[in-house]
Amino acid sequence: MLDIQQLRNDLDNVVARLATRGFAFDSAAFTALEQERKTVQTRTQELQARRNASSKQIGIAKSKGEDVAAIMAEVAGLGEQLKADEERLAAIQWELQKLLLNLPNLPHDSVPVGKSEEENIEVRRVGTPRSFDFEIKDHTDVGTPLGLDFDTGAKLAGARFTLMRGQMAKLHRALAQFMLDTQTEKHGYTECYTPYIVNADTLRGTGQLPKFEEDLFAVKKGGQEGDSEPLYLIPTSEVTLTNTVRDEILALDALPIKLTAHTPCFRSEAGSYGRDTKGMIRQHQFDKVEMVQIAHPGQSYAALEEMVGHAEHILQALELPYRVVSLCTGDMGFGAAKTYDLEVWLPAQDTYREISSISNCEAFQARRLQARFRNEAGKTEWVHTLNGSGLAVGRTLVAILENYQNADGSVSVPAMLQPYMHGLLKLQTA
RNA sequence: GGAAGCGUGGCCGAGUGGUUGAAGGCAACAGUCUUGAAAACUGUCGGGGGUUUACGCCCCUCGUGAGUUCGAAUCUCACCGCUUCCGCCA
């Protein structure tokens, strides 16, 4: 959520910056609404003040045993007008709130301006793609004989669900363990176990609601009926980790808070029909190790760079070639002020594919969350929130299957993962 | 699922219709004292919003929402959350 003060004071600039992300803001409607708000709010508060004063007088008079009929008569007419104004004001505030909740974040000055992913900027490439002296297979063909089972996944739950067996399932688990151990032991994040199902308030806090309900899975309790709000499966543990500071005023020295969790993520992938239908790239359920930082505003961009490094560390440890991309204004997510993507090399696709996305949301989520800290001057101030994958486990598995495949159909286990696989060097058919 | 109870400021805890945003205590912060610290004493001390060049003035907020009333932390209703006991249960 943007700062409504900023909209009031610097509207043209806000409109221009929103436009860079392809968002057309109706400033005329906003201005009209604001003007009415001002009139009605002032009038309402005046009436409230008069009513409060009179009521106080009645109290004083009664305690002295004086006659209160005169004052009572004075207040009598106030009620109706006040009620009408209060209702109108509430309606206007609701409109403004709705408008605000649907505005995306303003891009940081350093973000390249562009319409789509075509205009993202490559920041650096790390690692050299391996050259193969045999006909390579994609992860589906490599993985299927080794325990990756799309047919059974589909039988159990539908398209975009996968079952893993044996060594494949173990490798998947090893990856998550390795990532979690790295982020906690090497990079100082506190490991968390979080709910996988959350309420609507939580999703409003991080910005998935109200605008992106169709991307979520909703669940209802047994016997739940009527129109009470449903619960939702988390699309990422960014949601739960970031919401831990909702409605909090943190001490200055509590910052930064660094949290990590390994959780499944559930996404309905509405609107992506036909994209990545084959294989494990785009699933309704996937595991991810997430990093979240709650940072001091003065430190948040340093934290962003640091987190990119934390995610890169995993790819480097696994010796997977990748590149770092700075997303342009048109490709960034709703709440992000600046985002880096990490893209891993997939030889069968002959391209780099997103495996991590790391964003600084600045105060955008904090305003929704009412997440503040007490600054150096003792004043409350919004925290900055950052989140990033470190990494997406399923896509990392895909990258390993493709990059570590051998001519005989086996897949070598990256050195760093071998301890997690009890020394197993290769995935191969029995 | 059944029964009972409870939600007040950073924390504890008074407060059952009237000059109460709320006693008291703890914590925190500033100052006096001290070589320094502690103790003691003095003061400050929830959050959000409107308006104002500013000082200030005003509004909202006692789990959330609605209601009764000139006036609600206090009365009514609904919802949410927590605790305890019973049942069920990984």
Side-chain angles (χ1 to χ4, degrees), chain A residues 1-9 30-31 33-101 193 195-205 209 220-232 240 243-255 257 363 366-383:
Chain A
M1 183 158 70
L2 300 182
D3 180 5
I4 193 162
Q5 301 290 0
Q6 194 181 2
L7 264 78
R8 285 172 189 156
N9 301 329
F30 172 77
T31 308
L33 204 54
E34 256 297 287
Q35 244 159 22
E36 196 189 355
R37 190 222 92 227
K38 208 162 173 167
T39 319
V40 177
Q41 182 163 358
T42 309
R43 196 170 61 211
T44 305
Q45 293 190 351
E46 259 167 38
L47 289 174
Q48 285 171 331
R50 274 169 60 195
R51 181 205 56 199
N52 290 349
S54 297
S55 293
K56 199 172 260 187
Q57 288 307 313
I58 293 172
I60 296 169
K62 272 198 166 175
S63 71
K64 291 181 185 161
E66 293 168 4
D67 178 49
V68 294
I71 319 176
M72 293 280 271
E74 203 182 302
V75 209
L78 250 59
E80 221 165 291
Q81 175 71 52
L82 185 55
K83 192 170 178 185
D85 280 349
E86 279 174 345
E87 277 170 11
R88 181 64 198 140
L89 183 61
I92 294 167
Q93 306 272 38
W94 173 245
E95 283 298 314
L96 282 170
Q97 186 70 5
K98 250 190 346 198
L99 196 145
L100 230 46
L101 283 174
Y193 172 85
Y196 301 157
I197 301 177
V198 295
N199 58 35
D201 277 344
T202 298
L203 288 157
R204 269 189 285 273
L209 289 179
K220 55 179 183 182
K221 296 181 203 171
Q224 180 177 327
E225 49 190 280
D227 50 13
S228 59
E229 271 186 325
L231 297 171
Y232 299 88
T240 44
N243 269 278
T244 55
V245 296
R246 188 166 91 216
D247 295 322
E248 298 284 338
I249 299 178
L250 302 161
L252 183 61
D253 62 12
L255 303 177
I257 296 174
R367 282 189 209 97
R368 294 171 163 249
L369 292 161
Q370 293 287 306
R372 292 159 292 178
F373 73 103
R374 211 166 283 284
N375 68 18
E376 292 80 350
K379 293 282 179 199
T380 57
E381 188 178 339
W382 305 116
V383 296

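Each chain gets a letter, A, B and so on, in the order its sequence line appears, and its residues count up from 1.
- Only the P atoms considered, B:G25 is 27 Å distant from B:C75, to the nearest whole Å.
- Ion pairing between a basic and an acidic side chain is recognised when a charged N comes within 4.0 Å of a carboxylate O; A:E80 and A:K83 show no such pairing.
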Report, one line per pair, each donor and acceptor closer than 3.5 Å where one atom sits in a side chain of residues 87-99 of chain A; sequence neighbours left out.
unit_1 : atom_1 : unit_2 : atom_2 : d
A:R88  : NE     : A:E36  : OE2    : 2.8
A:R88  : NH2    : A:E36  : OE1    : 2.8
A:R88  : NH2    : A:E36  : OE2    : 3.1

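- Across all strands shown, the partner of B:G1 is B:C86, judged by Watson-Crick or G-U wobble contacts whose two distances both fall under 3.5 Å.
- For B:C62 and B:U20, the C1' atoms lie 11 Å apart once the distance is rounded to whole Å.
- If you take atom C1' in B:G15 and the same atom in B:A72, they sit 13 Å apart, rounded to whole Å.
- Computed from coordinates, the A:R43 CZ to B:G49 P distance equals 23 Å when rounded to whole Å.
- The shortest side-chain heavy-atom distance between A:L252 and A:R374 does not fall under the 4.5 Å cut-off.
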For nucleotides 50-77 of chain B, just jot down a letter per nucleotide in 5' to 3' order: B, S or -, based on protein non-hydrogen atoms under 4.0 Å. SS------SSS---------BS------
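- Using C1' as the reference atom, B:U35 and B:U61 are 49 Å apart when rounded to the nearest Å.
- Rounded to the nearest Å, the gap between the C1' atom of B:G13 and that of B:C6 is 14 Å.
- The C1' atoms of B:G9 and B:U44 are separated by 15 Å, rounded to the nearest whole Å.
- Nucleotide B:C57: paired with B:G50 (Watson-Crick or G-U wobble, both distances less than 3.5 Å).
- A donor-acceptor pair is defined here as one N or O able to donate and one able to accept, closer than 3.5 Å; no such pair exists between the side chain of A:R368 and the backbone of A:L203.
- Between the side chain of A:T39 and the main chain of A:Q35, a donor-acceptor pair closer than 3.5 Å is present.
- Looking at heavy atoms from C-beta onward, A:L47 lies out of side-chain contact with A:E86 at the 4.5 angstrom threshold.
- Taking a pair to require two hydrogen-bonding distances under 3.5 Å in either a Watson-Crick or a G-U wobble arrangement, B:G18 pairs with B:C70.
- At whole-Å resolution of the value, CD1 in A:I249 and P in B:G46 are 11 Å apart.
- In this structure, the side chains of A:R246 and A:D201 come closer than 4.5 Å at one or more pairs of heavy atoms.
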Could you list the protein-to-nucleotides 26-31 of chain B atom pairs, N/O on both sides, closer than 3.5 Å?
none

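- Straight-line distance between the P atoms of B:G10 and B:C45: roughly 15 Å, to the nearest whole Å.
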Working for side-chain hydrogen bond (donor to acceptor under 3.5 Å, both in side chains), residues A:N199 and A:T202: CA-CA 6 Å; A:N199 58 35; A:T202 298; 2.9 Å; yes
Residue pair A:Q41, A:Q45: steps toward the side-chain contact (heavy atoms from CB on, under 4.5 Å) verdict: CA-CA 6 Å; A:Q41 182 163 358; A:Q45 293 190 351; 3.3 Å; yes
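- Both distances falling under 3.5 Å, in either a Watson-Crick or a G-U wobble arrangement, place B:A28 opposite B:U44.
- Nucleotides B:C33 and B:G17 have their P atoms positioned 49 Å apart, rounded to a whole Å.
- The CD1 atom of A:I71 sits 12 Å away from the C1' atom of B:U19 (whole-angstrom rounding).
- Heavy atoms from other residues, nucleotides or ligands lying under 6.0 Å from CZ of A:R50 number 12 at most.
- Both distances falling under 3.5 Å, in either a Watson-Crick or a G-U wobble arrangement, place B:C79 opposite B:G63.
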